[in-house]
Structure formats: C-alpha cells, structure tokens
Amino acid sequence: MTLVMGIVNVTPDSFSDGGRYLDAEAAIAQGLSLRAQGADILDVGGESTRPGAERVEPAVEQDRVLPVVRALAAAGSVVSIDTMNAATALAAVEAGARIVNDVSGGMADPGLLAAVAPTGADVILGHWRGPSADMYAKAEYGDVVAEVLGELARRMDAAAAAGIAPSRVILDPGIGFGKRGDQNWAALRGTRRLAGLGPRVLIGTSRKRFLAETLAAQSGGERAEVGEGRLDVGTAVTSVLAAQAGAWGVRVHDVASTVDALRVARAWEGEGRWTSPTRSP
Ligand code: PMM
C-alpha cells in the first residue's frame, strides 16, 4: 500500500503555503491534522526549495524545524526531515526524525551521507542538478529517464560507500528539480523503471508548477489562474498513477484528497476495504 507523506513547511516563503505555519505551534497543529487525515509520514522542512529560493543558514533552519520534529515525533508520528544540511539532519534525527529527506541526494552537503550513516535513519535521495537559485540552467537532457536513473544510481553508490545500505534508501526523481515542463512528465513515466533499481521510490508532484502549466495549457488559461484546489486534483491523480507504477510513497500538501484518491484506486483494484452490501453476510 502506497504511503502518504504530508508536507509540513516551516518556512516564510514556500510557494504554496508561505508564512502560514511559521510559528512552531501552528506547524505542529498542521502536522497532527495531516496525520488525522491519513498521513503515514510527516515531512518537516525549514528551507524553501522553490525555484529561485536562496539558501537558509543551518542555525535558522534548525530553529524552525527542531521544535516541530520533536513534538510530532513525541506524538507518535513517523517524521522525516527535509534538509540538505548534515548538521540539521543529525539534530533532527536526535529529535526523533526517522527519515532524512535530502532533495539533493547528498550532493549539496558532501558530509550528509557519512553523518547520517551511523544513525540508522532511512535516507531519501532526490535527483538534483544544482541549487534552486539556478536549477533550470541544468535542465538539459537527451533521455530524461535514462539520465535520472543513471544519476540516482550514482547517488545510491555514494550512499553505499558512506555506509548506507540500499535497504535504507528511498529514491526520488525530483519532480520540478532541474526539470522543465514536459521533462517532469517524462520523469514520471519512468517511475516503474526507477522502482526497478531496487530501493523504494517516492514521488512528489504536489502543487508543482508543471501541473499548473499543464492545466493552464489544456484549458486555455494562464498558469496563475490555476488555484490550489485544481492543483490538488492534479496532485491526487498523479499520486494514484505513481502508486500504480510502483511508488512506495507520495509527498503531498493536501493529504485528504490524495488519501481518498488512493482509497478509490485500491477499491478499483480489488484491494479496498469497501464491500458490496449485496454480498454482506
Ligand atoms: N519537493 C519539494 C520539497 N521537498 N522532497 C522530496 N523528497 N521530493 C520532492 O519532490 C520535494 C521535496 C518542493 O515542494 P514544497 O516547497 O512544496 O515542499
């Protein structure tokens, strides 16, 4: 069954819920609410990775995320820490995070993989070609899937060399990271092949620009006119398709809509808990 990771952004400038959950109390309440809606994992992040975003000092990042990680882990949630910094990753694991989510796959901070190895935490390795400030500069591909798979396989090798076995690794094609428009759809079409590399696979499409661009292009409107509600529909659909292509998990803002979409898809496949009244005892 595909797991749902709910996003708890503790940043002042995330493109989707900027500023709303700056306060730790509000972020904790948001995390608990996402869990009640069916999130299996809560992904806490204190640094925006939206296109053009500037880096945040690790001390500022830790001030934002550690109280939230500590409280959500103490409340019994499985918490992942969305960070590219080794020091933040370590501090978050000490505060109770069980997964380190590094969208850069260990590239932004060369010490991250070696730092996390002895902790036993699982590690999400994202496909990444450079910082958000200029991430589109490197969005040049011949064969998107082959290049994403090849580059992620090298990050797996780096993790193994640092002492992190493939059983602790989760691979993520990094939708929106160093990929423009259709390159994201190409990467998503490679989900089944990515899962074939061995480790678990996580897919994050939630409210991303390429969804808004696609919906705008197909409905003849502007990207800015595509609101969160429509993006959440696109997110739920892509999350179901990711699940059908073998994804272990999906990372979303609106947990309720994706959880329901996955329930409906499971019923279609005959794995749902719903039973026909005519067949009830
Ligand atoms: N996307 C964002 C941030 N963190 N982590 C993983 N593993 N995969 C993603 O696709 C991903 C991520 C950017 O989105 P946000 O700013 O809305 O959280």
Side-chain angles (χ1 to χ4, degrees), residues 2-22 27 30-31 34 39-56 61 64-65 68 78-85 88-89 92 97-108 112 121-129 131-133 135-136 148 152 155 159 169-179 183-185 187-188 190-191 194 199-212 228 231-232 234-235 238-239 242 247-255 258:
T2 301
L3 302 181
V4 175
M5 174 187 271
I7 300 169
V8 182
N9 277 330
V10 203
T11 56
D13 59 349
S14 175
F15 69 85
S16 50
D17 54 2
R20 248 187 275 165
Y21 304 114
L22 237 194
Q30 160 80 351
L34 295 182
D40 302 289
I41 302 164
L42 298 175
D43 189 40
V44 178
E47 178 178 16
S48 173
T49 49
R50 70 177 176 169
E54 298 296 333
R55 297 298 310 269
V56 167
E61 185 190 26
R64 289 177 184 171
V65 296
V68 181
V78 176
V79 175
S80 66
I81 175 69
D82 189 346
T83 186
M84 294 189 277
N85 288 306
T88 303
R98 300 204 341 225
I99 305 172
V100 172
N101 174 18
D102 181 356
V103 296
S104 82
M107 288 174 79
L112 184 137
D122 285 351
V123 181
I124 299 169
L125 302 174
H127 177 259
W128 189 80
R129 284 188 169 179
S132 298
M135 69 159 97
Y136 293 127
V148 169
L152 280 178
R155 300 321 300 157
V169 168
I170 297 148
L171 298 178
D172 185 328
I175 299 305
F177 291 91
K179 296 167 199 74
Q183 293 168 339
N184 294 292
W185 291 114
L188 287 171
T191 301
L194 182 56
R200 293 164 284 175
V201 169
L202 179 74
I203 300 286
T205 59
S206 193
R207 295 182 184 168
K208 286 191 176 163
R209 179 194 296 232
F210 81 109
L211 286 178
E228 271 183 10
L231 289 176
D232 286 334
T235 301
T238 45
S239 294
W248 161 85
V250 290
R251 180 182 180 279
V252 302
H253 296 90
D254 187 53
V255 166
T258 284

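For ligands, and for the atoms within them, numbers begin at 1 and follow the listed sequence. Nothing fancy with the numbering, it's 1 onward along the sequence.
- Checked against side-chain hydrogen bond (donor to acceptor under 3.5 Å, both in side chains), R129 has the following partners two or more places apart in sequence or in another chain: E147, E151.
- Ligand 1 has no atom lying under 4.0 Å from any heavy atom of M5.
- Within ligand 1, the atoms closer than 4.0 Å to a non-hydrogen atom of H253 are 17 (O), numbered from 1 in the order shown.
- Within 6.0 Å of atom CZ in R55, more than 12 heavy atoms from other residues, nucleotides or ligands are found, so the atom counts as buried in its surroundings.
- The side-chain hydrogen bond (donor to acceptor under 3.5 Å, both in side chains) search around T235 returns none, not counting sequence neighbours.
- Atoms of ligand 1 found under 4.0 Å from any heavy atom of I124 (numbered from 1 in listed order, with element): 7 (N).
- Contacts with ligand 1 closer than 4.0 Å are made by side-chain heavy atoms of K208 only, the backbone lying farther away.
- Under 4.0 Å from ligand 1, not a single heavy atom of T205 appears.
- Every atom of ligand 1 with a heavy atom of V103 under 4.0 Å away is listed here by number and element: 4 (N), 5 (N), 6 (C), 12 (C).
- Closest heavy-atom approach to atom 5 (N) of ligand 1 within the set T83, D102, N101: this belongs to N101.
- An N or O contact shorter than 3.5 Å links D172 to ligand 1 by distance.
- Between A212 and L231, the shortest heavy-atom distance links the atoms N-CD2, 3.6 Å.
- When side chains are defined from C-beta on, D40 does not count as touching V78, because their heavy atoms never get closer than 4.5 Å.
- For ligand 1, the atoms lying closer than 4.0 Å to a non-hydrogen atom of L202 are 7 (N).
- Among all heavy-atom pairs drawn from A247 and I203, the shortest one is CB-CG1, 4.0 Å.
- Of the listed residues (R251, E47, R207), the one carrying the non-hydrogen atom nearest atom 11 (C) of ligand 1 is R251.
- Between K179 and H127, the closest side-chain pair of non-hydrogen atoms falls below 4.5 Å.
- With a heavy-atom cut-off of 4.0 Å, D43 does not touch ligand 1 at all.
- I7 places a side-chain heavy atom less than 4.5 Å from the side chain of R251.
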